[in-house]
A.B. asks: 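Would you mind keeping the following structure in view while I ask a few things?
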Protein chains: 2
Amino acid sequence: MSTKKQQLIDCAMGLFYQHGIHAIGINEILKSSGIAKKTLYNHFESKEALVLATLEQRHHLFISWLSRCLENAQTNEQLAEQLFSALDQWINNKVEVLGEFRGCYFINTAAEFGELSSPINQLCQRHKLAVKALLKQALNDADDAAVERLFLLSEGIISTAYTCHDTDVVKRALKN
Amino acid sequence: MSTKKQQLIDCAMGLFYQHGIHAIGINEILKSSGIAKKTLYNHFESKEALVLATLEQRHHLFISWLSRCLENAQTNEQLAEQLFSALDQWINNKVEVLGEFRGCYFINTAAEFGELSSPINQLCQRHKLAVKALLKQALNDADDAAVERLFLLSEGIISTAYTCHDTDVVKRALKN
DNA sequence: CAAATGATAGACAGGATGGTCTACTTCTGT
DNA sequence: ACAGAAGTAGACCATCCTGTCTATCATTTG
């Protein structure tokens with residue numbers, strides 16, 4: 001992959017995630033990255049194609065980060081602990097690769113696009129299913145309902161952390 | 001409140017919720033409502049003011065719907081049941097006053113606006129806190145952790161129902 | 001009746017947007 | 001060294017955006 005193309009994706013990722021996709025114009029990405037407009041349109045046929053590339057990259061980034069966080073858990077309880085600890089770190093900006101926390105990029109992006117069948121929304125859906133599949137695989141022997149519940153809980157945590165500007169959700173959720 | 005003003009709020013609410021705020025221009029609202037531009041700017045000083053009015057209205061609508069759903073629960077288990085049943089009906093478009101399900105208007109809106117301290121985001125936050133307060137009040141004697149967990153679970157359900165186009169979340173979440 | 005109020009239609013301004021295109025420069029592989 | 005590829009700068013286009021303003025019409029109220 002061309003370095004310019006990668007720079008564009010990285011820069012767009014940051015701006016889109018931080019401010020939302022409709023709020024960021026092509027020109028802002030160009031100015032911020034210092035790359036020429038022609039170069040962008042050499043690599044991407046449209047803004048949407050660039051958006052899809054950022055989603056794709058974030059998807060791999062996130063899944064690989066999360067699966068690393070869940071490694072080596074001995075019991076299901078331990079795995080849940082590791083999951084919540086990972087979320088807590090993310091929410092409190094202690095995970096460099098994920099950037100400054102602003103909720104889930106996929107939830108946020110899906111929220112911006114009404115058309116359910118658009119490629120963008122489909123990617124967001126695929127990402128969430130992949131996260132759920134990762135949990136299922138990590139949770140040995142657990143029934144589907146337990147997986148489901150853990151997944152829903154973490155979705156709630158991520159969403160609430162952002163919408164309520166609540167950096168302590170995880171701690172409170174864990175108190176019994 | 002002037003009838004024209006109310007019509008504008010209703011119409012804008014529908015379009016914003018269905019397609020997202022940045023995706024809907026003032027002119028679209030005017031065309032769809034058949035109201036003149038001057039009239040809109042007589043009642044609202046800007047698009048943002050109109051957005052805030054729709055959030056305010058949706059907030060009251062939603063809270064009053066939800067509190068009606070939670071009425072008359074005898075036990076905390078029953079209350080949780082009623083909550084999940086309500087979510088299920090909403091997600092499956094059986095609640096007329098809430099319109100065709102497209103996730104949580106407040107989560108979606110917050111996702112579109114990067115500035116955390118903007119009036120729009122503050123309203124979204126206030127709404128979520130009000131929902132949590134409603135749950136806390138409805139759940140007699142329950143500890144804060146139980147309230148928190150129920151709240152996070154429903155946030156996860158709403159978010160997942162939309163992002164994953166998953167109309168069966170509630171059913172699956174309830175299976176033990 | 002007359003005055004005030006509220007609504008309408010739509011032109012208009014000023015700026016931003018996504019995207020195309022040209023002319024020029026720099027890098028790279030053989 | 002030289003050809004072709006890749007990048008740059010930015011003018012330009014058509015369209016859309018929010019918001020203002022004028023001129024006209026309808027309704028109500030004193």
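Naming convention: chains lettered A, B, ... in sequence-line order (proteins, then strands); numbering from 1 in each chain.
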A.B. asks: Listed in order of residue number, which residues of residues 40-48 of chain B have a non-hydrogen atom at under 4.0 Å from DNA chain D?
C.D. replies: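 When residues 40-48 of chain B is checked for heavy atoms under 4.0 Å from DNA chain D, the hits, listed by number, are Tyr41(B), Ser46(B), Lys47(B).
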A.B. asks: Please report, to 0.1 Å, the donor-acceptor pairs under 3.5 Å made by any side chain of residues 21-31 of chain A, with sequence neighbours excluded.
C.D. replies:
{"residue": "His22(A)", "atom": "ND1", "partner": "Glu112(A)", "partner atom": "OE1", "Å": "2.9"}
{"residue": "Asn27(A)", "atom": "OD1", "partner": "Lys37(A)", "partner atom": "NZ", "Å": "3.0"}

A.B. asks: List the steps and the verdict of side-chain contact (heavy atoms from CB on, under 4.5 Å) for Cys69(A) and Gln82(A).
C.D. replies: CA-CA 7 Å; Cys69(A) 291; Gln82(A) 286 176 223; 5.9 Å; no
A.B. asks: Quick one: does His165(B)'s side chain have a donor or acceptor within less than 3.5 Å of a partner on Ala161(B)'s backbone?
C.D. replies: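 It does not hold such a pair.
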A.B. asks: Take atom CD of Gln78(B) as the centre, draw a 6.0 Å sphere, and report whether it contains more than 12 heavy atoms from other residues, nucleotides or ligands.
C.D. replies: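 Enclosed: over 12 neighbouring heavy atoms sit under 6.0 Å from CD of Gln78(B).
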A.B. asks: Can you confirm whether more than 12 heavy atoms, excluding those of His19(A), are under 6.0 Å from its NE2 atom?
C.D. replies: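 No, because the 6.0 Å sphere around NE2 of His19(A) holds 12 heavy atoms or fewer from other groups.
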A.B. asks: side-chain contact (heavy atoms from CB on, under 4.5 Å) between Leu150(B) and Phe84(B): does it pass, once the steps are laid out?
C.D. replies: CA-CA 10 Å; Leu150(B) 201 58; Phe84(B) 290 132; 3.9 Å; yes
A.B. asks: Under a 3.5 Å distance rule, please check whether Thr39(B) uses its side chain to pair with a backbone N or O of Ile35(B) as donor and acceptor.
C.D. replies: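 Not at all, since once roles are kept as given, no pair shorter than 3.5 Å links the two residues.
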A.B. asks: What's Lys4(A) touching, base or sugar-phosphate or nothing? Going by heavy atoms closer than 4.0 Å.
C.D. replies: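 Since only primed, P, OP1 and OP2 atoms lie under 4.0 Å of Lys4(A), the category is sugar-phosphate.
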A.B. asks: For Gln57(B) and Gln6(B), test the side chains for any donor-to-acceptor distance below 3.5 angstrom and give the result as yes or no.
C.D. replies: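 Result is yes, a qualifying pair exists.
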A.B. asks: Between Ser46(B) and Tyr41(B), do the side chains contain a donor N or O and an acceptor N or O under 3.5 Å apart?
C.D. replies: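 Checked: Tyr41(B)/Ser46(B) side chains show no N/O donor-acceptor pair below 3.5 Å.
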A.B. asks: Under 4.0 Å from a heavy atom of chain A: give me the 5'-most and 3'-most nucleotides of DNA chain D that qualify.
C.D. replies: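 Endpoints of the contacted stretch of DNA chain D: dG7(D) to dG10(D).
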A.B. asks: Using a 3.5 Å distance criterion without hydrogens, assess whether the side chain of Ser118(A) forms a donor-acceptor pair with backbone atoms of Gly114(A).
C.D. replies: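 It does not hold such a pair.
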A.B. asks: Checking side chain to side chain donor-acceptor pair (under 3.5 Å) between His127(B) and each of Arg58(B), His59(B), Glu56(B), Gln122(B), which is the one that passes?
C.D. replies: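 Among the candidates, only His59(B) passes.
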A.B. asks: Rounded to whole angstrom units, what separation is found between the NZ atom of Lys38(B) and the P atom of dA7(C)?
C.D. replies: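 Spelled out: NZ on Lys38(B) to P on dA7(C) is 11 Å.
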A.B. asks: With a 4.5 Å cut-off on side-chain heavy-atom distances among I, L, V, M, F, W and Y, is there a chain of contacts connecting Leu83(A) to Ile107(A)?
C.D. replies: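 Looking at the clustering, Ile107(A) is in a separate group from Leu83(A).
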A.B. asks: Look at Arg172(A) together with Asp166(A) and state whether they make a salt bridge at an N to O cut-off of under 4.0 Å.
C.D. replies: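 A salt bridge is present here (some side-chain N lies under 4.0 Å from a carboxylate O).
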A.B. asks: Expected output is a numbered-order residue list: members of residues 7-30 of chain A with a heavy atom under 4.0 Å from any atom of DNA chain C. What is it?
C.D. replies: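 Ile24(A), Gly25(A), Ile26(A), in order of number.
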A.B. asks: Under 6.0 Å from the six-membered ring centre of Phe44(B) and within 45° of its axis: does the NZ or CZ of Lys5(B) meet both?
C.D. replies: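 Yes; both conditions hold, so Lys5(B) lies above the ring face of Phe44(B).
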A.B. asks: Could you verify whether a donor N or O on one side chain and an acceptor N or O on the other, from Thr109(B) and Tyr17(B), lie under 3.5 Å apart?
C.D. replies: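 Their side chains do not contain a donor-acceptor pair, so the 3.5 Å distance test is not met.
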A.B. asks: For DNA chain C, find the residues of residues 110-122 of chain A with a heavy-atom distance under 4.0 Å and give them by number; none if there aren't any.
C.D. replies: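 Within residues 110-122 of chain A, no residue comes under 4.0 Å of DNA chain C.
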A.B. asks: Report for the helix from dC1(C)-dG30(D) to dT30(C)-dA1(D): angle between first-end and last-end helix axes, five pairs each, rounded to 10 degrees.
C.D. replies: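 Comparing the first five pairs with the last five, the axes sit 20° apart.
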